Protein chains: 2
Amino acid sequence: MLAMTLPSEIETGPSRRPDQPPAGAHMLDRHIRAAASRVLQAREHVFFEGDPIHHVYQIVKGTVCLYMTLPDGRRQIVDFAHAGDFIGLGESGEHSIAAQASTLTKLRCLPAGALHEVARHDPQVGVQLYRALSDQLAAARNLLLTVGRRSATERLATLLLALSRRNERMGADPARISLPMSRAEIADFLSLTIETVSRSFTKLRQSGTIDLIQSTLVLIRDRRALEQLCADEPAAGR
Amino acid sequence: MLAMTLPSEIETGPSRRPDQPPAGAHMLDRHIRAAASRVLQAREHVFFEGDPIHHVYQIVKGTVCLYMTLPDGRRQIVDFAHAGDFIGLGESGEHSIAAQASTLTKLRCLPAGALHEVARHDPQVGVQLYRALSDQLAAARNLLLTVGRRSATERLATLLLALSRRNERMGADPARISLPMSRAEIADFLSLTIETVSRSFTKLRQSGTIDLIQSTLVLIRDRRALEQLCADEPAAGR
DNA sequence: CGAGTCGTTGATTCTTTTCAAAGCCCGTGG
DNA sequence: CCACGGGCTTTGAAAAGAATCAACGACTCG
């Protein structure tokens, strides 16, 4: 198992500036900066179901899909992790889910033991991890609602709108969505088949809701219609 | 394993008694014991989607279902909370899900602010809440796999086996399952209709896998068959 | 005992899956 | 530079599974 990082080692991070705040507000950032990083090609795995847990990872760049499988091969993607997100949080012993890069991805590797040790001593870090976990719980439950109760087209609309909103938050064009995942991944995320995903794209295109510039590049033409389909919030004052 | 709590900070809690144990191991329990409790009849709500967050609750007795709804009324139950479980963890601002008692239920009410304050000062408590949240995340993802990728009968088998295993953990008869929820709740949990749930029960009964003593009391006759249907673990050495 | 809720069963419809094949995009190699 | 091959995506037709619509039965509570 991994020993606690010594304070001196914390300083290792590249590009630290001396004007740091007094409290532990950025302790986590520091540890992350000090961590080893790892680059994965699309389709490479970060870890598999059942692997012993060594690290918690933070996505620096790219998209990672987290999935579970049944023995007969049926697969359910339970989350897509994007830049900034943590994966492997809250697990102990061995991984209960697998993580696979969807695109070229860069990760920071945080030794799990050390991270939890830090969290134990530094409430700030603990709170940060707690929040991250809460967000993942909320995401899982939202996906559950989508998969359990929405139709195929509604599911796709929900995904597109989520990606659009993500663009918005990141300062990118919310009407132009570059899909970081394949049809197969979308299918396994939305609990559909690739054929149904494809047909749903076609339906949205034919209804004028979206444009498909390429199979991986979507333009939202009618956001209202998309929101109507998701119907997650009574889309009132927007 | 766990870091020592700072003795001075432990003293902060309200209604502290002098016979406290040395470590923070029972801090959370104590706060819980000191908390107000609340009794709800079946179908009463603990809180609704959108309610401001005042408390985190721990179930003392009974079963609470947590659900989300779409504006048109479609409902997805995302979890059933049983005795010992926390509900309302990880939320902030207002509740994103609703909580409704399935049976006569007793809760302990923990003021959310105070609890988080304690967690901030006492890593033991923080870790406990973190674990509870991790468990909920794992549960949500498992349910996602079930709902997304299993057939109707498999879903029901998965639920029955989960309840059976829960009995096992609690020292009750794993072959005798007393369902604390209605068909409608099972349907909304497994993303089916009540008719399909009923038909799945019938199928399991007719295949000799279970007995239905009453609509709410199930006897497992062929556990192997049930495990086969779930196929969550290669059911090898069991 | 009657009303009402909850659960089961049946017939039909609908959505999605499955099976099958063609089209498209892209990189490779001639 | 263009032809070829392979994977990914789209489209079509048929089949399966679950939902819907409808009615009946069972249990519970006044």
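When reading the values below, keep in mind they use all heavy atoms of this one structure, side chains included, and skip hydrogens, waters and symmetry mates. In what follows, chains carry the letters A, B, and so on, assigned in the order in which the sequence lines appear, proteins first and then strands, with residues in each chain numbered from 1. Keep in mind the model is a prediction, meaning the values are calculated, not measured.
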Starting from [atom2] on [N], measure out to [atom1] on [X] and report it in whole angstrom.
X         : N       : atom1 : atom2 : value
Gln214(A) : dT9(D)  : CD    : P     : 12 Å
Phe201(B) : dA18(D) : CZ    : C1'   : 17 Å
Leu179(A) : dT10(D) : CG    : P     : 10 Å
Arg149(A) : dA18(D) : CZ    : P     : 13 Å
Leu217(B) : dC27(D) : CG    : C1'   : 15 Å
Leu212(B) : dA26(D) : CG    : C1'   : 14 Å
Ile213(A) : dC25(C) : CD1   : C1'   : 16 Å
Ile186(A) : dT10(D) : CD1   : C1'   : 14 Å

With a 4.0 Å limit, can you tell me whether [X] has a side-chain N or O closer than that to the phosphate oxygens OP1/OP2 of [N]?
X         : N       : answer
Ser215(B) : dC27(D) : no
Thr193(A) : dT17(C) : yes
Arg205(B) : dT9(C)  : yes

Quiz item: Taking the nucleotide of DNA chain D with the closest heavy atom to each, which residue, Arg183(A) or Ala152(B), is nearer the 5' end?
Solution: Arg183(A)
Per [X] side chain, nearest of listed nucleotides [options]:
X         : options                  : value
Glu195(A) : dT8(C), dC6(C), dC19(C)  : dC19(C)
Ser182(B) : dG7(C), dA18(D), dT18(C) : dG7(C)
Leu192(B) : dA19(D), dG12(D), dT8(C) : dA19(D)
Thr196(A) : dT9(C), dT16(C), dC19(C) : dT16(C)
Arg199(A) : dG10(C), dT11(D), dT8(C) : dT11(D)

Under 4.0 angstrom, heavy atoms only, what part of the nucleic acid is [X] near: base, sugar-phosphate, or nothing?
X         : value
Ser191(B) : sugar-phosphate
Ser198(B) : base
Ile194(B) : nothing

Quiz prompt | Side-chain donor or acceptor of Arg150(B) paired with backbone N/O of Cys230(B) under 3.5 Å | solution =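 Judged by distance alone, yes, a pair lies under 3.5 Å.
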Practice problem: Return yes if some donor-acceptor pair links the side-chain N/O of Arg166(A) with the main-chain N/O of His82(A) below 3.5 Å, else return no. | Solution: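 Looks like no, no N/O pair under 3.5 Å.
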Exercise. Answer yes or no on whether Arg183(B) is positioned over the face of Phe201(B), meaning its NZ or CZ is under 6.0 Å from the six-membered ring centre and within 45° of the axis.
Key: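 Yes, Arg183(B) lies over the aromatic ring of Phe201(B).
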Quiz prompt | NZ/NE/NH1/NH2 to OD/OE distance under 4.0 Å, Glu154(A) and Arg74(B) | solution =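 Looking at Glu154(A) and Arg74(B), the cut-off is met.
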Quiz item: Are any of the side-chain nitrogens in Arg224(B) or Asp222(B) under 4.0 Å away from the carboxylate oxygens of its partner?
Solution: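 No, this pair does not count.
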